[in-house]
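Encoded as structure tokens, the structure appears first; notes follow it.
Within every chain, numbering begins at 1; the chains are lettered A, B, ... in the order of the sequence lines, protein sequences first and strands thereafter.
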Amino acid sequence: MRIATWNVNSLTARLQHVLDWLIANPVDVLCLQELKMSDDKFPLEVLQSAGYHAAVFGQKTYNGVAILSLAPVRDVLRNITGFEDAHSRVIAATLDTPAGELRVINGYFVNGQEPGSEKFAYKMRWLDSLRQMVRDELAAHERLVLLGDFNITPEDRDSYDPEGLRETIHHTTEERQHFQALIDLGLVDGFRLFEQPEKSFSWWDYRMLGYQKNRGLRIDHILLSQALVPAARGCIIDRVPRKWEKPSDHAPVVVDLAL
DNA sequence: ATGACAGCGAGGCGCTGA
């Protein structure tokens with residue numbers, strides 16, 4: 001089965017891209033971030049017509065996440081257990097596969113704006129709470145995927161300018177320690193299980209011809225629990241829709257699992 | 001230090017994103 005994550009930067013603005021991409025890439029699961037719409041605006045019928053079930057956690061204007069799945073979803077959780085959050089940033093669900101159940105946690109991680117800011121402090125608190133939730137989820141679900149827009153470059157090679165951007169947002173030691181702490185729970189970066197081209201990124205700034213110059217960051221990730229690693233067959237970033245007219249600034253990331 | 005894009009909700013620009 002194939003599982004994908006894509007920050008669409010408004011599902012209203014990107015619905016046709018999502019539908020077109022799904023026709024070309026009929027993945028089993030597509031996790032979306034930055035819906036920027038309330039639940040009542042979610043285009044459930046058109047996605048059902050495309051064959052997908054959906055679990056949605058929307059929000060007007062900002063944030064919002066959803067899990068689309070060919071298989072029905074159950075045991076849906078919204079936001080981080082035990083963490084009061086005004087933002088809709090996390091949705092978790094269980095799917096049944098031929099090989100057994102699979103837990104999926106889809107996150108739109110906090111941006112953080114600038115180290116030292118109140119938003120950065122919120123990002124750190126949010127990451128602390130997320131880690132506790134993932135720890136508990138892993139204890140309950142051996143086969144688990146944590147994916148989404150992490151807003152963290154795990155390593156220097158995940159940035160177009162690691163020296164110039166050192167200790168700026170997405171590049172700080174603190175953020176990278178949080179990423180590593182998630183890995184230390186027993187997760188593996190699916191993308192790095194496989195040989196990848198240098199300068200592989202998943203986001204490019206709209207400004208200053210960022211995409212054309214490949215000035216990007218790899219901040220969208222798919223982490224696999226140890227039990228899933230033997231099933232991993234590949235992981236790619238699909239840059240194709242980033243070249244479409246009026247694109248999201250993020251590209252989809254797709255993992256192929258032999259499940 | 002600032003702005004460059006884009007989307008949103010206003011409301012004829014400001015906020016946020018990364």
| Atom NE2 of H171(A) and atom CG of D161(A): how far apart are they, to the nearest 0.5 Å? | 7.5 Å
Show me, pair by pair, the donor-acceptor contacts under 3.5 angstrom made by side chains of residues 133-140 of chain A, not counting sequence neighbours?
unit_1, atom_1, unit_2, atom_2, d
E137(A), OE1, R103(A), NE, 2.7
E137(A), OE2, R103(A), NH2, 3.3

| query | What residue pairs, at least two apart or across chains, pass salt bridge (charged side-chain N to carboxylate O under 4.0 Å, His left out) with a residue in residues 119-132 of chain A? | reply | E118(A)-R125(A), K123(A)-E175(A), D128(A)-R131(A)
| query | Taking the P atom of each, how far is dA1(B) from dG11(B), in whole Å? | reply | 30 Å
| message | I'd like the C1' distance from dG12(B) over to dT2(B), given in whole Å. | response | 24 Å
| field | Set of side-chain hydrogen bond (donor to acceptor under 3.5 Å, both in side chains) partners for E245(A), sequence neighbours left out | value | none
| query | Do any pairs count as a salt bridge (charged side-chain N to carboxylate O under 4.0 Å, His left out) and have a residue in residues 218-227 of chain A, sequence neighbours left out, and if so which ones? | reply | D158(A)-R218(A), D189(A)-R218(A)
| task | For residues 83-97 of chain A, pull every pair meeting salt bridge (charged side-chain N to carboxylate O under 4.0 Å, His left out), keeping only residues two or more places apart or in separate chains. | result | R74(A)-D96(A)
| query | Which of residues 239-247 of chain A sit near DNA chain B, with a heavy atom under 4.0 Å from it? | reply | K246(A)
| Under a single-linkage rule joining Ile, Leu, Val, Met, Phe, Trp and Tyr whose side-chain heavy atoms are separated by less than 4.5 Å, which residues share a cluster with I23(A)? | none
| task | Figure out the CD/C1' separation between E114(A) and dT2(B), and round it to whole Å. | result | 13 Å
| message | More than 12 heavy atoms of other residues, nucleotides or ligands under 6.0 Å from CD of Q196(A): yes or no? | response | yes
| Atom-pair distance (CH2 on W204(A); C1' on dA6(B)), nearest Å | 17 Å
| remark: With sugar-phosphate taken as primed atoms, P, OP1 and OP2 and all else as base, the protein-contact string of nucleotides 8-18 of chain B at under 4.0 Å (heavy atoms; B, S, -) is SSS-----SSB
| task | List, by chain and then residue number, the residues other than L217(A) in its hydrophobic cluster (Ile/Leu/Val/Met/Phe/Trp/Tyr, side-chain heavy atoms under 4.5 Å); write none if there are no others. | result | Y160(A), L165(A), F201(A), W203(A), W204(A), Y211(A), I219(A)
| request: Enumerate the residue pairs fulfilling salt bridge (charged side-chain N to carboxylate O under 4.0 Å, His left out) with a member in residues 248-259 of chain A, sequence neighbours excluded, ordered by first and then second residue. | output: none
| How far, in whole Å, is dA10(B) from dC15(B) if one measures between their P atoms? | 15 Å
| task | Name the nucleic acid region contacted by R14(A), choosing base, sugar-phosphate or nothing; use a 4.0 angstrom heavy-atom cut-off, strictly under. | result | sugar-phosphate
| Between residues 153-160 of chain A and DNA chain B, which residues have a heavy-atom gap below 4.0 Å? | none
Could you tabulate the donor-acceptor pairs under 3.5 Å formed by side-chain atoms of residues 46-57 of chain A, not counting sequence neighbours?
unit_1, atom_1, unit_2, atom_2, d
S49(A), OG, E45(A), O, 3.0
Y52(A), OH, V27(A), O, 2.6
H53(A), ND1, S69(A), O, 3.4
H53(A), ND1, L70(A), O, 3.2

